[in-house]
Amino acid sequence: MDIKGTPVAQMRKKGAEFIISIGGDGTVLRGIQKMNDPLPVLGINMGTIGFLVDVNPNEALEAIDKVLSGLKLKNVRVSV
């Protein structure tokens, strides 16, 4: 394959409106750490318990459809 990606730091300049991050909390944190002005992130959790990433793989396509349709996802996790 001769496919070139775009570095995370340049995604906003290239026209990206949001990022889909597949992994866990660390994947999201590493991605946004590389951006001066972070884009919104839709995180797909491939690990166990995610505190920042809480869309499960079986919910991923529905969540992506909602974001692309302009709906905002809001998941709140509360710790006591």
Side-chain angles (χ1 to χ4, degrees):
M1 277 191 191
D2 189 28
I3 299 173
K4 294 184 180 182
T6 300
V8 173
Q10 297 176 10
M11 288 187 173
R12 187 179 293 277
K13 290 179 189 175
K14 298 282 185 172
E17 294 182 28
F18 73 99
I19 294 174
I20 299 172
S21 176
I22 301 172
D25 291 348
T27 306
V28 170
L29 291 172
R30 279 188 295 279
I32 62 174
Q33 182 179 25
K34 295 178 182 185
M35 293 182 272
N36 291 330
D37 184 14
L39 291 163
V41 177
L42 172 63
I44 311 296
N45 188 7
M46 297 302 289
T48 52
I49 296 174
F51 295 97
L52 302 174
V53 180
D54 57 356
V55 174
N56 294 317
N58 60 336
E59 302 166 335
L61 293 178
E62 182 181 347
I64 293 168
D65 283 342
K66 286 180 180 179
V67 170
L68 292 175
S69 297
L71 298 176
K72 296 191 181 195
L73 298 177
K74 183 177 180 184
N75 292 317
V76 178
R77 188 177 305 261
V78 178
S79 299
V80 178

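Since the model is a prediction, treat every value here as computed from it, not as a measurement. Residues take their numbers from the sequence shown, with the count starting at 1.
- Nearest approach of Val8 to Gly31, heavy atoms of both residues: CG1-O, 3.3 Å.
- Rounding to the nearest 0.5 angstrom, the gap separating the CG atom in Asn45 from the OG1 atom in Thr27 is 9.5 Å.
- Here the CG-CG distance, from Leu52 to Leu29, works out to 5.0 Å after rounding to the nearest 0.5 Å.
- With respect to Lys14, the side chain to side chain contact (heavy atoms under 4.5 Å, CB included) criterion is satisfied by exactly one of Gln10, Met11, Arg12: Gln10.
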Should Val28 and Phe51 be marked as a side chain to side chain contact (heavy atoms under 4.5 Å, CB included) after you check the CA-CA gap, both sets of side-chain angles, and the distance that decides it?
CA-CA 11 Å; Val28 170; Phe51 295 97; over 6 Å; no
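- Summarising the geometry, atom CG belonging to Leu42 is positioned 9.0 Å from atom CD1 belonging to Ile22; distances are rounded to the nearest 0.5 Å.
- Summarising the geometry of Ala60 relative to Ile44, their closest heavy-atom pair is CB-CD1, 3.7 Å, with the distance given to 0.1 Å.
- Separating the CZ atom in Arg30 from the CG atom in Asp25 is a distance of 10.0 Å, to the nearest 0.5 Å.
- Here Leu68 contributes atom CG and Phe18 contributes atom CZ; the two are 4.5 Å apart, rounded to the nearest 0.5 Å.
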Decide side chain to side chain contact (heavy atoms under 4.5 Å, CB included) for Met35 and Ile19; before the verdict, give the C-alpha distance in whole Å, the side-chain angles of both, and the deciding distance to 0.1 Å.
CA-CA 12 Å; Met35 293 182 272; Ile19 294 174; 3.7 Å; yes
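- Taking each heavy atom of Ala9 and Lys34 in turn, the nearest pair found is CB-O, 3.3 Å.
- Panel note: side chain Glu59, backbone Asn56; a donor-acceptor pair is recorded below 3.5 Å.
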